[in-house]
Amino acid sequence: MTATTETSSADSPAPRTSPSSVDSPVERAASEFHAPVIDWFAEHARDLPWRRPEAGAWGVMVSEFMLQQTPVNRVLPVYEEWLSRWPRPADLAAEEPGEAVRAWGRLGYPRRALRLHGAAAAIAERHGGDVPEDHAQLLALPGVGEYTAAAVASFAYGRRHAVLDTNVRRVFARAVNGREFPPNATTAAERKLARAMLPEEDSTAASWAAATMELGALVCTARSPECGRCPVAQLCAWRLAGSPPHQGPARRVQSYAGTDRQVRGRLLAVLREAHHPVPQAVLDRVWHEPVQRARALDGLVADGLVEPLAGGVYRLPRG
Ligand code: SF4
């Protein structure tokens, strides 16, 4: 359950295919993967709060927003606090958007907090406060893209959707396509493969989606896949080919130090901790380089994360 601000993708709903209607030997072999991966998941899945029945669809949705580009261990405390403060979408919708940004803390990519607030408001307004089940209705919510719509429909409601995050893409790249890493951006071919790999039955497909994601997170990791404890080691195309090294374009490495993201993070930290408008002079202390600092602040204002007030003071946004 990792993605980005919708940089991961999924195609949904997926057409049901019979083994004879898929068009490659690889896809015909898909069913061989299902039982071992799903059985492994039943035994090894982490007990995460958003997987418990009491999380409900809102808990699943909150977790999916938070887990985009943020690891589980950093999400856990913020998720718990968020759900205890705003147990229903309407509770969050009733707050100022700036409170969502404040509670987001240091999870990073804080526009997700605003998007989640916007989605909660739309759920309260259009759906009587209940997270919709239908993929198209989920997709119509502000801030919800293909990945999140498919993940919520699948994990919260047991619907059959291809949920294609970075972990799943890596598992498919290795186990099915025989490559160490997937392309930098999700391709149509990956989406087609993910649809072809889906089990027929809804609940099995939902288990498969969660199981492949967990396999990528725990075993088939980017840096050091543990093939010795992988349930599909005997089927894995990459392993059977002798684990050839990556040959595609260089993989992107995200940097942080010295970037505008870092400056934005520092500015926002000051505003989160202050419960009153903050003068420009206080914000000026967070970063030594004035041009970059101004650019970062302008960006926060443009993104709606910071509200400029008369007199050169700033605060988190109010509705
Ligand atoms: S055998 Fe290794 S590379 Fe293949 S899917 Fe399993 S962990 Fe990943």
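Ligands are counted one by one from 1 in listed order, and the atoms in each one are counted from 1 as well.
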**Request:** Would you please say whether a donor-acceptor pair under 3.5 Å links the side chains of Arg160 and Ser203?
**Result:** no

**Item:** Basic-acidic side-chain contact under 4.0 Å: Arg264, Asp303
**Value:** yes

**Asked** When you check the gap from the basic side-chain N to the acidic O, do Asp91 and Arg85 get nearer than 4.0 Å?
**Response** no

**Asked** Is it true that Glu133 and Arg159 make a salt bridge, defined as a side-chain N closer than 4.0 Å to a carboxylate O?
**Response** yes

**Complete:** Atoms of type N, O or S from protein under 2.8 Å of atom 4 (Fe) of ligand 1, total 1

**Message:** I'd like to know if Glu96 pairs up with Arg102 as an ion pair, taking the criterion as any Lys NZ or Arg NE/NH1/NH2 lying under 4.0 Å from an Asp or Glu carboxylate oxygen.
**Reply:** no

**Asked** Parallel under 30°, tilted from 30 to 60°, perpendicular over 60°: which one fits the rings of Trp82 and Trp86?
**Response** perpendicular

